[in-house]
There are 2 protein chains.
Amino acid sequence: MENVKIFDGIKDGELEKMLSCFDAKHKKFASGNNLPTRRYGEPRLGVILSGEADLVRYDYDGYRNILEHLSQGDVFGEIFMQIEGADELAIVCETKCDVLYMDYKNVIKRCENACEFHSTLVDNILKIMAAKVQKLRTHLEVLSQRTLRTKLLTYFNMTAKQAGSNSFTLPFSLADLADYLYVDRSAMLREMKNLREENLISSRGKHITLT
Amino acid sequence: MENVKIFDGIKDGELEKMLSCFDAKHKKFASGNNLPTRRYGEPRLGVILSGEADLVRYDYDGYRNILEHLSQGDVFGEIFMQIEGADELAIVCETKCDVLYMDYKNVIKRCENACEFHSTLVDNILKIMAAKVQKLRTHLEVLSQRTLRTKLLTYFNMTAKQAGSNSFTLPFSLADLADYLYVDRSAMLREMKNLREENLISSRGKHITLT
DNA sequence: ACAAAAAAGTTGCAAATGCAACTTACTGAA
DNA sequence: TTCAGTAAGTTGCATTTGCAACTTTTTTGT
């Protein structure tokens, strides 16, 4: 459980103490199940200990939309789903899942025992949410480009910067890249070909070099 | 100070107590200033009491990019700016600004006095961040549409749903709408004209009706 | 090693879009 | 009331893009 971001910086001994302090419950769900985010009407925080799940929304025309993919260490709960619009959000298991549940109120509440880990946990949750915001902003920045070409170049530049090198391998397939950029795959490959011919990049499959 | 979301649900009496408990400081800045997010190396939370500011990023080619507009009641701070990539984010005053600063550590720390308002404040911050995520997701959903037409229709449908009516007035100018959709303004107006001619909408200026 | 499936790559064509250069309609201050 | 500035609306044209229908290459399971 140590590689779970929400528990970063919390020592093993403390973790146990904390879990009992928070009335944490360990539950198992089969693939296809919806993961609940409340118990007795009270909002809860869930941590995926193992398995894969999706945060999905059902569109106004019933179309299912995956907003986020969750795997080991990821956190979910009412607080992440929110609020106005009250869209049909749900967490759906894609495989069988092990989940650790905590009471949301307990987590954010002032702790009568003044446990040290308490503020660490809150800090971690804030960091997780901030990282989520960052990720969405990055995505938005790429999409803010008006042409396919500049979308690609923006994405490539960001990835190169992250990799610390002009050469890098995409973290997913080219088809997935097209989905991420929300463009037609063949149009994207055509544009990559153009970039290649103009010697702005060289690429083969998922491996790309800026030149 | 009562209409400030971060202080929602905290009573006046408590607020004063809290501000001293958090060692809150009131500062004024002139237009054009950068708002700091640390003091003596310690991260701080800022609340805009009055004035306007922007969260800006400086691109790799030095281009200035406004990520978010902040006005009365909005919160800023390291935790919202984050992390990896360590982009050149800054908060820049657009007008003179009144800012209330709090020590981040104090805010998230277990409170020795076990103050009631403490958990309320943390809850509010989490809600603010969740709302931010929601807003970004919504934006992303609109941009995920591949054509200008469907971008418009998606945005209009969402706005209508929010307004609870097929008739609504845009919360900003048409030029701003084009910016929000990241499309050319004239191309957008042309498409709106098409939609009008096909009787899918009727519109005049910022007032739109779905039909 | 082979077949089958998945991913990558290609291309023609019609339609959508950005861009530029306008005109027309509002709105607010002197 | 008029003038100036801003927002809305229009249009032609070159370019970009989505879409569909492929081929080629790579990966995977047996």
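By convention in this document, chain letters (A, B, ...) are assigned in the order of the sequence lines, proteins followed by strands, and residues within each chain are numbered from 1.
Residues of residues 174-192 of chain A having a heavy atom closer than 4.0 Å to DNA chain C, listed by number: A:L174, A:A175, A:R185, A:S186, A:L189, A:R190. DNA chain D lies under 4.0 Å from at least one heavy atom of each of the following residues of residues 199-211 of chain A: A:R204.
Checked by atom type and distance alone, the side chain of B:E14 pairs as donor or acceptor with a backbone atom of B:K11 at under 3.5 Å.
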Requested in this report: Applying side-chain contact (heavy atoms from CB on, under 4.5 Å), run through A:L100 and A:L19 and close with a yes or a no.
Outcome: CA-CA 9 Å; A:L100 184 76; A:L19 294 181; 3.8 Å; yes
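Aromatic pair B:Y155/B:H139: ring centres not closer than 6.0 Å.
A cation-pi geometry, defined here as NZ or CZ lying under 6.0 Å from the six-membered ring centre and within 45° of its normal, holds between A:K132 and A:F80.
Regarding A:K193, its NZ atom lies at a distance of 16 Å from the P atom of D:dT17, rounded to whole Å. Rounding to whole angstrom units, CD of residue B:Q145 and P of D:dC19 are separated by 11 Å.
Where pairing requires Watson-Crick or G-U contacts shorter than 3.5 Å, the helical stems of DNA chain D with at least three consecutive pairs are C:1-30 with D:1-30.
To the nearest 0.5 Å, atoms CG (A:L136) and NZ (B:K135) are separated by 12.5 Å.
When each of B:Q72, B:K96, B:H69 is paired with B:E52, the side chain to side chain donor-acceptor pair (under 3.5 Å) condition holds for B:H69 and for no other. A side chain to side chain donor-acceptor pair (under 3.5 Å) with B:T209 holds for exactly one of B:S167, B:S165, B:S203; it is B:S167.
Of the N and O atoms on the side chains of B:D23 and B:Y101, not one donor lies less than 3.5 Å from an acceptor on the other residue.
Between B:A30 and B:C93, the shortest heavy-atom contact is O-CB, 3.7 Å.
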